[in-house]
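See structure below.
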Amino acid sequence: MSATHLNCGYVPLIDSAPLIIAKELNFAAEEGLELTLTPQPSWSALRDMLALGHLEAAQMLAPMSVAMSMGLGGLSAQIDALMVLSVNGTIIGVSQDMSKAMGDVPFADPTLNAEALLAAAKGKLRVGVPFPFSMHRLLFEYWLSDKAAEAGIEIEIVTTPPPRMADALENGLVDVFCVGEPWGSVAVARGVGRLILPSSAIWQFAPEKVLAVRHEWANENPETCGSLMRAIYKAARWLDTGSNKPLAVDILSRSAHLDLPDTVIDPAISNSLSPDMGLPGEHVENFLIFNRHAANFPWRSQAAWIAARLNADAEGIETAKKSFRSDLYRQHLSTIGADMPGASEKLEGSMRHATAVASTRGHLILGPDAFFDGKIFDSGQEV
């Protein structure tokens, strides 16, 4: 039987690793897929390619898939998030000028870094993010917007493609950036930026990227949809096996899909980031998760949180929930032994420690998902 050809778009970031590993280690081939990975220069280009049908599937910013389904921004389309590709993995950093003005602030402390950043700002903070509908922007604003407003500081969002973030810092176009790895570490390696806060310090379990397809494509191609999900799940599970991490760095650095050296790939994979040039790496617990703690499960409550941050009404939140296809996840991945949570929604932010929950196989432990401010989001409450 001939393989089914599938075009999948991605942006060259470390968290595209499940797609790359699925292809390079033949998880896709074993599922009968000929997977072609097509790099995109920006998130808007990827959005348009998927919406217009030039791609069957894509790595996508989790809020982008929700926004498209809600009809927000640019080309809208009914998009299904089949599964989460990665949790966390974003880093916040500042220019060297801003770093000097902030002084010596402990890495990864959300409260002290917020205070120092606002104290160093001169009326405005220009913040580079890869796309308006991104977890980068939502988390940054969740962390700082209210405090900035109280301090009379304007936050200007500057959309900047990830590979151009270090250039934007060096050229004085942004003061702060929020970007996926390796581009934070690239800014450090070039001596133009300092890292101050991982996104996991804001929300300990934020869905960063999803595997996205058009809704009608998922309906018309159920077998191919299932094959793709199983291949990606196996790749994500392989990536989160500790003994595989050195080999993962080697494969990703040799792969033409990223075109990056192992020195800038390793920090995210090993969860050890150097905040500034010449400093040793600092361990960041759960900096980037591919599979552990049910990372791949598309929680509908996470989609609701995203929609709420996009100021959706009750109808919009329901649309967002439906776009996170926990039903297809259960259907296609239970056959390969994936442990399924008993519910498809949960109280976001309620777990401060790893917690055992009811599941189909009885072995599921969810990781901590607390917000930095201690708030809990209930996706079932009235908007």
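Residues: numbered from 1 along the sequence shown.
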- [ ] First locate atom CZ of Phe205, then atom CG of Leu366, and finally report the distance between them rounded to the nearest 0.5 Å.
- [x] 7.0 Å
Task: Polar contact flag, side-chain donor to acceptor under 3.5 angstrom, Ser86-Glu208 - done: no
Open item on the list: Could you work out, with side-chain hydrogen bond (donor to acceptor under 3.5 Å, both in side chains) as the rule, every residue matching His332, not counting sequence neighbours?
Closed with: none
TODO: Would you indicate whether Lys245, at its atom NZ, is surrounded by more than 12 heavy atoms from other residues, nucleotides or ligands within a distance under 6.0 Å?
DONE: yes
Task: Check against side-chain hydrogen bond (donor to acceptor under 3.5 Å, both in side chains), Arg237 and Asn296 - done: CA-CA 9 Å; Arg237 183 171 57 189; Asn296 302 122; over 6 Å; no
- [ ] Look only at the side chain of Thr224 and the backbone of Asn221, and say whether a donor-acceptor pair between them is shorter than 3.5 Å.
- [x] no
Task: Ala28: partners by side chain to side chain contact (heavy atoms under 4.5 Å, CB included), with sequence neighbours left out - done: Leu33, Leu35, Ala231
- [ ] Can you sort out the partners of Trp299 under ring-ring contact (aromatic ring centres under 6.0 Å, His included), two or more places apart, ordered by chain and number?
- [x] Phe297
Task: Partner set under salt bridge (Lys or Arg N to Asp or Glu O under 4.0 Å) for Glu216, not counting sequence neighbours - done: Arg214
- [ ] Would you please say whether a donor-acceptor pair under 3.5 Å links the side chains of Glu345 and Ser379?
- [x] yes
- [ ] For His283, look at atom NE2 and say whether over 12 heavy atoms of other residues, nucleotides or ligands are found less than 6.0 Å away.
- [x] yes
Open item on the list: For a quick test of reading the model, state the closest non-hydrogen atom pair linking Ala235 to Ile21 and the distance between them.
Closed with: CB-CG2, 3.9 Å
TODO: Look at the side chain of Gln40 and the backbone N and O of Val11, then say whether any donor-acceptor pair between them is shorter than 3.5 Å.
DONE: no
Task: Residues that, via side-chain heavy atoms closer than 4.5 angstrom, fall in one hydrophobic cluster with Ile365 - done: none
TODO: State which residues pass salt bridge (Lys or Arg N to Asp or Glu O under 4.0 Å) with Glu315; sequence neighbours excluded, sorted by chain then number.
DONE: none
Task: salt bridge (Lys or Arg N to Asp or Glu O under 4.0 Å) involving Asp175 - partner list, sequence neighbours excluded - done: Arg126
- [ ] Using a strict 4.0 Å threshold on nitrogen-to-oxygen distance, state whether Lys234 and Glu31 make a salt bridge.
- [x] yes
Open item on the list: With no hydrogens and no angle check, just 3.5 Å: does a side-chain donor-acceptor pair link Asp339 and Ser359?
Closed with: yes
Task: Those residues that, when tested against Ser44, pass side-chain hydrogen bond (donor to acceptor under 3.5 Å, both in side chains) (two or more places apart) - done: Ser42
- [ ] Answer yes when Glu318 and Lys321 have at least one side-chain N-carboxylate O distance shorter than 4.0 Å, and no when they do not.
- [x] yes
Task: CZ (Arg292) with more than 12 external heavy atoms under 6.0 Å - done: yes
Open item on the list: Between Phe371 and Trp305, is the ring centroid distance below 6.0 Å?
Closed with: yes
TODO: Hey, could you give me each pair passing salt bridge (Lys or Arg N to Asp or Glu O under 4.0 Å) that has a residue in residues 66-94? Not counting sequence neighbours.
DONE: Asp80-Arg325
TODO: Specify whether Trp143 and Phe140 have parallel, tilted or perpendicular ring planes, treating 30° as the upper limit for parallel and 60° as the lower limit for perpendicular.
DONE: perpendicular
- [ ] Would you please name every residue forming a salt bridge (Lys or Arg N to Asp or Glu O under 4.0 Å) with Arg300, sequence neighbours left out?
- [x] Asp327
Open item on the list: I'd like to check the side-chain hydrogen bond (donor to acceptor under 3.5 Å, both in side chains) partners of Asp167; sequence neighbours left out, ordered by chain and number.
Closed with: Arg190
TODO: Verify, without hydrogens or angle tests, whether Ser253 (side chain) and Val249 (backbone) share a donor-acceptor contact under 3.5 angstrom.
DONE: yes
Task: Main-chain N/O of Leu279 paired to Ser274 side chain as donor or acceptor, under 3.5 Å - done: yes
- [ ] Quick one: list whatever passes side-chain hydrogen bond (donor to acceptor under 3.5 Å, both in side chains) with Asp262, sequence neighbours left out.
- [x] none
